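No hydrogens, no waters, no symmetry mates; every other heavy atom, side chains included, goes into these values. Everything numeric in this text was worked out from a predicted model, so none of it was measured.
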Amino acid sequence: MDRRTFSLVLGLGAAVALAPSLALAEDHLAEAVSHTKEAITHGKEGHADLLVTHAEAALTHAEAAEKEKANPHTAEGITHLKAAIEHGKKGHADVGTKHAEEALTHLEAAEK
């Protein structure tokens, strides 16, 4: 095996070894913001069930982001996402949307 082939194999081996850890490193905060925006859109359309679906996904990502790096804005966003879910499950899309909007404000502040 010549040097080029050996270098290629060594490089590919290192890439394969490191790829899983890099692939798992999601940007949870960005995902939380994205799902919160979707929750707001559906809430404004009066779709409380879809608001809940996206708020729950946002909550999962926000909690993961908070676990990775604590931030008071993320914690406040989590509080409002929980309130949005609670109101959305009761069919109160308007109130749930207001909480989702407040959550978005805090999650975006946490991104900075």
Side-chain angles (χ1 to χ4, degrees):
M1 185 182 299
D2 67 357
R3 286 185 189 189
R4 284 188 223 168
T5 306
F6 179 74
S7 296
L8 176 64
V9 169
L10 184 63
L12 288 174
V16 168
L18 296 175
S21 63
L22 295 175
L24 293 176
E26 281 185 66
D27 187 353
H28 288 291
L29 203 49
E31 286 294 320
V33 167
S34 176
H35 281 290
T36 303
K37 288 178 179 178
E38 285 292 320
I40 292 168
T41 299
H42 289 294
K44 287 181 177 180
E45 294 171 353
H47 304 145
D49 56 336
L50 293 174
L51 178 145
V52 169
T53 300
H54 284 286
E56 287 175 337
L59 178 62
T60 300
H61 285 289
E63 288 175 336
E66 180 69 9
K67 190 175 181 180
E68 287 175 358
K69 183 180 178 191
N71 183 308
H73 284 294
T74 306
E76 190 65 23
I78 289 169
T79 301
H80 283 287
L81 285 170
K82 288 178 179 179
I85 292 165
E86 180 183 333
H87 287 285
K89 285 183 176 180
K90 293 178 182 176
H92 305 150
D94 54 342
V95 179
T97 301
K98 288 179 182 166
H99 280 289
E101 289 171 337
E102 191 64 31
L104 180 62
T105 300
H106 288 285
L107 294 173
E108 287 179 333
E111 281 187 313
K112 296 178 183 175

**Q** Nearest 0.5 angstrom please: Leu59 CG to Glu66 CD, how far?
**A**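 Between atom CG of Leu59 and atom CD of Glu66 there are 11.5 Å.
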**Q** Counting only N and O atoms by type, is there a donor-acceptor contact under 3.5 Å from the side chain of Glu102 to the main-chain atoms of Gly77?
**A** no
**Q** Looking at side-chain heavy atoms only, is the closest gap between Lys82 and Glu63 below 4.5 Å?
**A** yes
**Q** side-chain contact (heavy atoms from CB on, under 4.5 Å), that's the test. Do Glu101 and Thr105 meet it? Break it down for me.
**A** CA-CA 6 Å; Glu101 289 171 337; Thr105 300; 5.7 Å; no
**Q** With sequence neighbours left out, write down each residue that passes side chain to side chain donor-acceptor pair (under 3.5 Å) with His80, or none if nothing qualifies.
**A** Glu76, His99
**Q** Mind checking the OG1-NE2 spacing from Thr97 to His47? Nearest 0.5 Å is all I need.
**A** 11.0 Å
**Q** Ion pair present between Glu86 and Lys90, side-chain N to carboxylate O less than 4.0 angstrom?
**A** yes
**Q** Under a 4.5 Å cut-off applied to non-hydrogen side-chain atoms, are Lys98 and His92 in contact?
**A**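 No - every pair of side-chain heavy atoms lies 4.5 Å or more apart.
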**Q** Can a donor-acceptor pair be found, under 3.5 Å and without considering hydrogens, that links the side chain of Thr36 to the backbone of Ala32?
**A**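 Answer holds: yes.
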**Q** Using the test ring pair (Phe, Tyr, Trp, His ring centres under 6.0 Å), find all partners of His42 that sit at least two apart in sequence or belong to another chain.
**A** His54
**Q** So do the side chains of Leu107 and Leu81 get within less than 4.5 Å of each other, counting heavy atoms only?
**A** yes
**Q** Start with the C-alpha gap between Ile40 and Lys44, add the side-chain angles, then the distance that decides, and say whether side-chain contact (heavy atoms from CB on, under 4.5 Å) holds.
**A** CA-CA 6 Å; Ile40 292 168; Lys44 287 181 177 180; 3.7 Å; yes
**Q** Of all residues at least two apart in sequence or in a different chain, which pass the salt bridge (Lys or Arg N to Asp or Glu O under 4.0 Å) check with Glu45?
**A** none
**Q** Mind listing the closest non-hydrogen atom pair of Leu51 and Gly88 along with its distance?
**A** CD2-CA, 4.2 Å
**Q** Test Lys37 against Glu108 for side-chain contact (heavy atoms from CB on, under 4.5 Å), laying out the working first.
**A** CA-CA 11 Å; Lys37 288 178 179 178; Glu108 287 179 333; 3.5 Å; yes
**Q** What closest approach, in Å, do Gly96 and Ala84 show between heavy atoms, and which atom pair accounts for it?
**A**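 For Gly96 versus Ala84, the nearest heavy atoms are O-CB, 3.3 Å.
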**Q** Counting N and O atoms only, with roles assigned by atom type, does the side chain of Thr74 sit under 3.5 Å from a partner on the main chain of Ala70, one being a donor and the other an acceptor?
**A**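 No: the side chain of Thr74 does not pair with the backbone of Ala70.
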**Q** What's the separation between atom NZ in Lys112 and atom CG in Leu29, rounded to the nearest 0.5 Å?
**A**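 Between Lys112 NZ and Leu29 CG, I get 12.0 Å after rounding to 0.5 Å.
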